Amino acid sequence: MSKAPSKPPPAPPSLQELRKEIDAIDEQVHRLLMARGDIIDRLIQVKQTQEVGSAFRPAREASMMRSLVERHRGILPLDTIESIWRVIISTFTYVQAPFSVHADVSVGEPAMRDSARFHFGFVVPYVGHFSAQAAVEAVAKSKGDLALVSAISSRTPWWNLLEAEGAPKIIARLPFLERADHPAALPVFVISRVADDAMVTEVQMWSVRVSGWNADIARALAPLAEIVAVPDTAFDGAALLVSDAGSGFEKIKTALIQAGASVRSSALVGSHATRYTVPPNGSAKP
């Protein structure tokens, strides 16, 4: 008994059919963005700009970015998704309460501009400054502007300007997703004035002034915290920006003293979310 002829496999979709599918998805994406805009418009009416300072919500934003990383799959690079969402968040925030980004270009104008555009897009005004202190001072005079300054080096202790009550604070560290070939890899702090309940406090930032600072003390602290240090002639030592990711500031302070430094003053100057590190295989981890 002869077998019935097998059915030929279905023909693959044509280019025209696939392009129609893409067009339909593009239309959905556009409609969803417009729907998001409608909700933001209603949100503005509810809030009536009652929030203090910047409209940014660092804690909510960090939660959104973590969810984004955890659900992402497919061939679209994670960097692209990160930038798209950053620009969406920043643009809709700008619509709620217009703001500018003040950037310290002394660390390298092209790299700083890349960071600003990657995270905030082209709608938000970009203002360059020749020092971190000038960028922070501009934010201090504004209602809700942001400053971008280097997170790994400094010529002056600009963080001293954040010590006073009511002063702007460090609210984020970018890029949130870290990897060796990140397109906006410059490590920067974001500084602004936001509501206390909007802050994320996973990593606390401390301004510390010490005397007796030297390389041996720096090495002793390395396992406990990341530190940016500049000379402080007032105390014959250094002004430190200390990143406490869970060690506890009292433990860091004790380590400073045991290593031979004298702690003259300390103040909490902000906080930010724990960053994600993306290994070469592309899967992110906190």
Side-chain angles (χ1 to χ4, degrees), residues 54 56 58-59 61-62 65 79 82-83 86 90 101-120 126 128-140 145-163 167-194 199-208 218 221-231 238-247 249 252 267-278 286:
S54 170
F56 272 91
E61 184 175 324
M65 295 307 298
D79 293 333
E82 180 189 10
S83 182
R86 287 285 182 187
S90 298
V101 172
H102 299 268
D104 170 23
V105 300
S106 68
V107 297
E109 203 280 337
M112 183 59 81
R113 184 178 288 271
D114 283 350
S115 179
R117 293 313 187 198
F118 180 91
H119 293 99
F120 301 99
Y126 170 89
H129 297 268
F130 291 111
S131 70
Q133 182 166 334
V136 174
E137 287 174 345
V139 168
D145 288 359
L146 308 179
L148 298 184
V149 301
S150 172
I152 56 175
S153 65
S154 180
R155 298 174 183 173
T156 59
W158 52 263
W159 48 87
N160 292 348
L161 300 173
L162 312 182
E163 294 179 354
K169 305 296 180 188
I170 294 169
I171 65 169
R173 188 188 188 281
L174 302 175
F176 182 68
L177 302 180
E178 289 205 336
R179 71 183 211 189
D181 57 348
H182 195 289
L186 182 69
V188 297
F189 286 126
V190 182
I191 297 159
S192 189
R193 191 182 282 109
V194 300
M199 296 286 283
V200 56
T201 58
E202 294 166 355
V203 179
Q204 292 189 327
M205 302 301 305
W206 289 84
S207 172
V208 184
L221 252 64
L224 298 177
E226 294 180 359
I227 296 175
V228 179
V230 296
L240 312 179
L241 180 62
V242 180
S243 173
D244 174 17
S247 297
F249 181 68
I252 294 171
L268 184 65
V269 292
S271 59
H272 62 80
T274 303
R275 306 186 304 279
Y276 265 83
T277 299
V278 183

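Note that the structure is predicted; figures quoted are calculated from it, not measured. Along the sequence shown, the residues carry numbers beginning at 1.
At distances below 3.5 Å, at least one donor-acceptor pair connects side-chain atoms of E202 with backbone N or O atoms of T274. For S271 (side chain) and V200 (main-chain N/O), a donor-acceptor pair under 3.5 Å exists by modelled atom type. Under a 3.5 Å cut-off, the side chain of R193 and the backbone N or O of A140 do form a donor-acceptor pair. Side-chain atoms of S131 come within 3.5 Å of backbone atoms of A134 as a donor-acceptor pair (strictly under, hydrogens ignored).
Of all the heavy atoms in V139 and I191, the pair that sits closest is CG1-O, 4.0 Å. Closest approach of A135 and A147 over heavy atoms only: O-CB, 3.8 Å. When all heavy atoms of V242 and V208 are compared, the closest pair comes out as CG2-CG2, 4.0 Å. When all heavy atoms of F176 and A273 are compared, the closest pair comes out as CE1-CB, 3.9 Å. The shortest heavy-atom contact between P175 and R275 is O-CD, 3.7 Å. Minimum interatomic distance between V230 and S154 (heavy atoms only, all atoms of both residues): CG1-O, 3.1 Å.
Distance check: I170 CD1 to M199 CE gives 8.5 Å after rounding to the nearest 0.5 Å. We find the CE-CG distance between M205 and L241 to be 3.5 Å, quoted to the nearest 0.5 Å. In this structure, F120 CZ and L148 CG are separated by 5.0 Å, a value rounded to the nearest 0.5 Å. Residue S106 holds its OG atom at 7.5 Å from CE of M112, rounded to the nearest 0.5 Å. Between the OG atom in S192 and the NZ atom in K169 there is a gap of 12.0 Å [rounded to 0.5 Å]. Interatomic distance, L177 CG to S83 OG, rounded to the nearest 0.5 Å: 11.0 Å.
Evaluation of the ring pair (Phe, Tyr, Trp, His ring centres under 6.0 Å) rule for Y126 yields no partner, not counting sequence neighbours. For E163, the side-chain contact (heavy atoms from CB on, under 4.5 Å) test picks out N160, S207, R209, A267, V269, with sequence neighbours left out. In this structure, H119 has no ring pair (Phe, Tyr, Trp, His ring centres under 6.0 Å) partners at least two apart in sequence or on a different chain. Considering only residues two or more places apart in sequence or on other chains, E137 meets the side-chain contact (heavy atoms from CB on, under 4.5 Å) condition with Q133, L161. With sequence neighbours excluded, the residues satisfying ring pair (Phe, Tyr, Trp, His ring centres under 6.0 Å) with F249 are W206. Listed by chain and residue number, S150 satisfy the side-chain contact (heavy atoms from CB on, under 4.5 Å) test with S153 (two or more places apart in sequence, or in another chain). With sequence neighbours excluded, the residues satisfying side-chain hydrogen bond (donor to acceptor under 3.5 Å, both in side chains) with H102 are H129, D145. Residues that satisfy the side-chain contact (heavy atoms from CB on, under 4.5 Å) test with A132, not counting sequence neighbours, are D104, V149, W158. Among residues two or more places apart in sequence or in another chain, the salt bridge (Lys or Arg N to Asp or Glu O under 4.0 Å) test is passed with D244 by none. Annotation: side-chain hydrogen bond (donor to acceptor under 3.5 Å, both in side chains) contacts of R113 (sequence neighbours excluded): E109.
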Please walk me through it: do W159 and V228 pass side-chain contact (heavy atoms from CB on, under 4.5 Å)? CA-CA 10 Å; W159 48 87; V228 179; 3.8 Å; yes
Determine, step by step, whether F130 and V105 satisfy the side-chain contact (heavy atoms from CB on, under 4.5 Å) criterion, reporting the C-alpha distance in whole Å, the side-chain angles of both residues, the deciding distance to 0.1 Å, and the verdict. CA-CA 6 Å; F130 291 111; V105 300; 4.2 Å; yes
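With salt bridges taken as basic N to acidic carboxylate O contacts below 4.0 Å, one links R173 and E178.
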